[in-house]
**Q** 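Dumping the structure here so I can ask a few things about it.
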Amino acid sequence: MEEILVHGGRPLFGKLEMPTAKNSILPILAAAVLTRDAVCIHRAPFLQDVETSMQLLAALGCPAVRAGQDLLLSCDGPVGDTVPRPLMAAMRSSIYYLAPMLVRAGRARLSFPGGCRLGARPIDIHLEGLTAMGARVTARGDLLECDAPHGLHGVRFHLRFPSVGATETLMMAAAAARGETVLTGAAREPEIRDLANFLNACGGRVTGAGSSKIVIRGGRLHGCAYTPIPDRITAQTVLCAGAACGGEILLERVPFEPIRPMARLLTQAGCRLRRLDHDRVELVSDGRLTALGTLSTGVYPAFATDAGPLLAAAMLTARGTTRLRETIFTNRFGCAKEFARMGADLDCRGNLLSIRGVPALRGARVEAGDLRGGAALVIAALAAQGESRISGVEYIRRGYEDIGEMFGALGAAIGRSAQPERETTAAGR
Ligand code: EPZ
């Protein structure tokens, strides 16, 4: 079993350029299935979820070929109508292929998507919107059988919750549907705008993305070459690590607007953050932070749910108490019990995490149970005194190319260790 090995307690110094956003390239890879023409995606990160997407694309008859940092796709042949169960279970983003399969194959058979265990993650809004556009959905156990016997048509549809994934599903369906679609109550994340920009680069007619009202006029899409936006959550991961460990970090390829809530909180905690120009941010911290009182996550442009565990890790040694309320998922703080193994003083009641800062954390053996919780454990280990071993690396690799290399470039003592297989007992445990 592989582990991340950290000798913590060092400040972080240096410069990093942010990679392409996982939550942008994943829906864009699915949207590439909407056209028969060639698509080239630049600066494609080497993430587990991108690898899973490539396996899923191949299973649909749309192989993606990697050429260095570029991914080349051309879905010019017949597109499959079934996603193998293991590929649906591997990530939440597998649901993004439902709309393209309905558009290209006229039907889709898939099980419910997997992904980080953040609580219930239904797809009812995806299905409700597609049904309004002319799809038929039949659930047989955990298998969904969908078809669109008369194709998909435009609709006025209000999302009861600004779901990121459902907004993206409906944008993809609408881009190839007959007529005009108006989505209200849409998610406003930067990744929504990026998907719209990709669709428009393919000849789509999407306006209003980034606001809660998006208008899409359907039509035929052609190929394009596209570079998705940088990863705002990776940027916030590095900023929280710098805040907790102390040091001086320059981040490049970081648009400031998407990280403004985090920048404001880290400044309030005692860091100095400077926006050097349109996409460079500098953080300076002495590692001695002040707690933030009560705050909550929310839908974009509020403080992002994905950033909650990252900030919590930085607050573990802040002076005073921080109370962080999660408002999007019901199980966002799975990492809290692992923080406690490192000597953190906290309690987690449902979606409220209360942290009383301690003078120092101590290295420990901890286990990641989801992507951002795993990244938060790395942050805590970097700030802790002594050695930590972090298992559950497979979760972290879903969203970070090589988190050890990333922090190693800032002077952290971090690496991977292939822990010898545990001796199985007579009982086979
Ligand atoms: C996207 O997940 C991101 N994933 C998540 O990032 C992110 O945390 C989340 O948006 C919120 O910002 C990707 O983009 C690949 P949602 P998604 O649909 O689309 C409920 C990471 O760490 N809901 O906005 O699954 C749902 O249960 C990941 O990178 C319904 O009820 O999020 C949840 O409570 C984790 N019905 C809330 O909406 C639906 O049909 C937000 O979900 C869909 C969602």
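Counting convention: from 1, in listed order, for ligands and their atoms alike.
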**Q** Between ligand 1 and the protein, which N/O pairs fall short of 3.5 Å?
**A**
residue  : atom   : partner : partner atom : Å
ligand 1 : 6 (O)  : Asn23   : ND2          : 3.3
ligand 1 : 6 (O)  : Asp306  : OD2          : 3.1
ligand 1 : 8 (O)  : Asp306  : OD1          : 2.5
ligand 1 : 8 (O)  : Asp306  : OD2          : 3.4
ligand 1 : 8 (O)  : Arg332  : NH2          : 3.4
ligand 1 : 14 (O) : Tyr96   : OH           : 3.4
ligand 1 : 18 (O) : Ser163  : OG           : 2.7
ligand 1 : 19 (O) : Gly165  : N            : 2.9
ligand 1 : 22 (O) : Arg372  : NE           : 3.0
ligand 1 : 24 (O) : Val164  : N            : 2.8
ligand 1 : 25 (O) : Arg92   : NE           : 2.8
ligand 1 : 25 (O) : Arg121  : NH2          : 3.1
ligand 1 : 27 (O) : Ala120  : O            : 3.2
ligand 1 : 29 (O) : Lys22   : NZ           : 3.1
ligand 1 : 29 (O) : Asn23   : OD1          : 3.4
ligand 1 : 29 (O) : Asn23   : ND2          : 3.0
ligand 1 : 29 (O) : Arg372  : NH2          : 3.0
ligand 1 : 31 (O) : Arg160  : NH2          : 3.0
ligand 1 : 34 (O) : Ile328  : O            : 2.8
ligand 1 : 36 (N) : Pro122  : O            : 3.4
ligand 1 : 36 (N) : Asp124  : OD1          : 2.7
ligand 1 : 40 (O) : Pro122  : O            : 3.4
ligand 1 : 40 (O) : Asp124  : N            : 3.1
ligand 1 : 40 (O) : Asp124  : OD1          : 3.4
ligand 1 : 40 (O) : Ile125  : N            : 2.8

**Q** Is Arg365 salt-bridged to Glu3, going by a charged N under 4.0 Å from an acidic O?
**A**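 Yes, Arg365 and Glu3 are salt-bridged.
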
**Q** Is Arg85 salt-bridged to Asp142, cutoff N-O under 4.0 Å?
**A**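 A salt bridge links Arg85 with Asp142.
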
**Q** Between Arg104 and Tyr97, does any side-chain donor sit less than 3.5 Å from a side-chain acceptor?
**A**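 Side-chain D/A pair, Arg104 to Tyr97: absent.
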
**Q** Are Arg416 and Asp402 close enough for a salt bridge, meaning some N to O gap below 4.0 Å?
**A**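 Salt bridge flag = yes for Asp402 with Arg416.
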
**Q** For Thr237 and Tyr400, does a side-chain donor sit closer than 3.5 Å to a side-chain acceptor?
**A**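 Looking only at side-chain atoms, Tyr400 and Thr237 do form a donor-acceptor pair, the distance falling under 3.5 Å.
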
**Q** Does a salt bridge link Arg253 with Glu17, judged by any charged N lying under 4.0 Å from a carboxylate O?
**A**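 The answer is no: the pair does not qualify as a salt bridge.
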
